[in-house]
Amino acid sequence: MRDALHSLWAEPRVPNPPTRVWRDWLLVGVLVPTAVVEAIFRDDAPWRPAALVVTLVLTSTLLWRRTHPLAVVIVGFGGLIAITAAGRLLGADESVGLDTTVFVVLLPYALLRWGSGRDIVVGLVIIVVAFVLGTAADYTGVVDAVGGGVFLFFPAVLGAAVRSWAGSRLRELDQMKLRERGQLARELHDTVAHHVSAIAIRAQAGQTLAASHPDAAVDALKVIEAEASRALAEMRIMVGSLREGDEPDLAPQRGVADVERLARSGGESPRVCVELAGDLDDLRPSVGAAIYRLAQESITNAVRHARHATVIAVRVTGDDDSVRLTVVDDGDSSAFGRNPTGYGLVGMTERATMLGGTLEAGPDGVKGWTVNAVLPRSGSAR
């Protein structure tokens, strides 16, 4: 109980509460003439002028109930307490207030919907005191007292429920944003890092060969230009899809068929060989894109880290239930500087896990590094 009260006391106010809207002005516009009509035609109400003034003052609290929930509860229910106490002290036989003041039941809703924990505790104490004094001043039986309590506090319960639902919704949106950030980080790492790594490697090769083989340096510049253009194009696609309110670029998503474009042959070292086998048709786009990104990242890691590697073999096979990606290089596994906890492997593992698959990466025990990924064709987490 102490922890619950401490948690409630420390609860902050709901941020950015809505200000007055047309419905608030409409409500006040209906209540004011209603109170005037009741004060004129209700002969049994004592102190009608005073009751009307109090009612009109209390009606104005509806305009600030979201932005100042505790203040309007103090004014609203404090006014009811004052007029009830004055009526008892002066010997009034009936309720002094007008029936129009029933609108104050909206204030407990606003208190629990928008107030801080301290506002709620203090406001509820004031509401309870007002209820007890009002019931004692005009007691008509247990049933009526219980019914009045339910009528008064039900809006407060409703406000708490709506607040809880809204908070849960905000937490879900925050989680969604975190997942989107993680996905964006993986996309940036898998696409831009791949091209930048190729640019860096080609630039180093061009510097080394510039003096002795000018033609090779020119070829390296051509590759750098091509890789930079691809990186820029993919960055534009990602930025375009992130711009709020803009239509995203409709460029097709990479898939299994694009894995063959990762192959490199000829004088490039290490050479990348790609083999596609089995049933790879009708894959879900998310699965095809994941296979492509995993293969791309695995090749990038091998090119950057596999010492003395001459061949990187990429094999994609499909069956009725799953798609398997295997990437193997023949580098020196004993000299590998790859960090198993690096962002690359973390992102690859997350990408496979999100689709219900698995990924294993490490030295194969003899020579080189092996990456094995298995994704279900359905592309859904188990």
Side-chain angles (χ1 to χ4, degrees), residues 1-9 11 27 30-31 34-35 37-62 65-66 69-165:
M1 179 63 70
R2 178 180 298 177
D3 292 339
L5 291 176
H6 179 74
S7 177
L8 175 60
W9 187 260
E11 179 74 15
L27 182 59
V30 171
L31 289 173
T34 301
V37 171
E38 181 183 4
I40 294 174
F41 293 100
R42 185 179 170 187
D43 297 332
D44 60 334
W47 303 356
R48 282 184 290 175
L52 177 60
V53 172
V54 172
T55 302
L56 294 179
V57 171
L58 298 185
T59 302
S60 64
T61 60
L62 296 175
R65 67 185 186 277
R66 302 185 190 92
L70 178 59
V72 299
V73 166
I74 294 174
V75 173
F77 285 89
L80 294 180
I81 292 173
I83 196 171
T84 299
R88 294 297 93 183
L89 291 176
L90 297 177
D93 295 331
E94 299 181 9
S95 176
V96 177
L98 300 178
D99 293 338
T100 309
T101 56
V102 70
F103 68 81
V104 296
V105 298
L106 297 176
L107 304 184
Y109 173 90
L111 176 68
L112 273 78
R113 174 65 181 92
W114 305 108
S116 66
R118 297 181 181 183
D119 293 344
I120 293 173
V121 173
V122 175
L124 286 178
V125 170
I126 296 173
I127 294 171
V128 169
V129 171
F131 171 70
V132 172
L133 291 178
T135 302
D138 192 18
Y139 183 74
T140 57
V142 176
V143 175
D144 290 341
V146 173
V150 172
F151 180 75
L152 176 62
F153 290 102
F154 175 75
V157 175
L158 182 61
V162 173
R163 180 183 186 138
S164 176
W165 175 85

Nearest heavy-atom pair of Arg65 and Ala110: which atoms, and what distance? O-CB, 3.4 Å

Please name the pair of heavy atoms, one in Phe77 and one in Ile126, separated by the smallest distance, quoted to 0.1 Å. CB-CG2, 3.9 Å

Which atoms form the tightest heavy-atom contact between Ala145 and Thr135, and what is the distance? CB-CG2, 3.8 Å

Rounding to 0.5 Å, atoms CG (Leu133) and CG (Leu80) come to a distance of 10.5 Å

With sequence neighbours excluded, residues passing side-chain contact (heavy atoms from CB on, under 4.5 Å) with Val162: Tyr109, Arg113, Leu158

So do Leu27 and Leu106 actually touch side chain to side chain, heavy atoms under 4.5 Å? yes

Scanning both residues in full, the closest heavy-atom pair of Trp114 with Pro69 reads C-CG, 4.2 Å

Name all residues meeting the side-chain contact (heavy atoms from CB on, under 4.5 Å) criterion together with Val105; count only those two or more places apart in sequence or in a different chain, and write none if there are none. Phe151, Leu152, Pro155

Sub-4.5 Å side-chain heavy-atom contact between Leu107 and Leu111: no

Output all residues satisfying side-chain hydrogen bond (donor to acceptor under 3.5 Å, both in side chains) with Arg163, sequence neighbours left out; order by chain, then residue number. none

Run Leu112 and Leu124 through side chain to side chain contact (heavy atoms under 4.5 Å, CB included) and show every step you take. CA-CA 9 Å; Leu112 273 78; Leu124 286 178; 4.0 Å; yes

Tell me the closest heavy-atom pair linking Thr100 and Ala35, and the distance in Å. OG1-CA, 3.7 Å

What's the separation between atom CD1 in Ile40 and atom CD in Glu38, rounded to the nearest 0.5 Å? 11.0 Å

By side-chain contact (heavy atoms from CB on, under 4.5 Å), Phe103 pairs with (sequence neighbours left out) Leu31, Thr55, Leu58, Thr59, Thr61, Leu62

Nearest heavy-atom pair of Gly148 and Phe131: which atoms, and what distance? C-CE1, 3.8 Å

Side-chain donor or acceptor of Thr101 paired with backbone N/O of Leu98 under 3.5 Å: yes

I'd like to check the side-chain contact (heavy atoms from CB on, under 4.5 Å) partners of Ser164; sequence neighbours left out, ordered by chain and number. none

Please enumerate all residues that pass side-chain hydrogen bond (donor to acceptor under 3.5 Å, both in side chains) together with Glu11, with sequence neighbours excluded. none

Nearest 0.5 Å, what's the CG-OG1 distance between Asp99 and Thr34? 11.5 Å

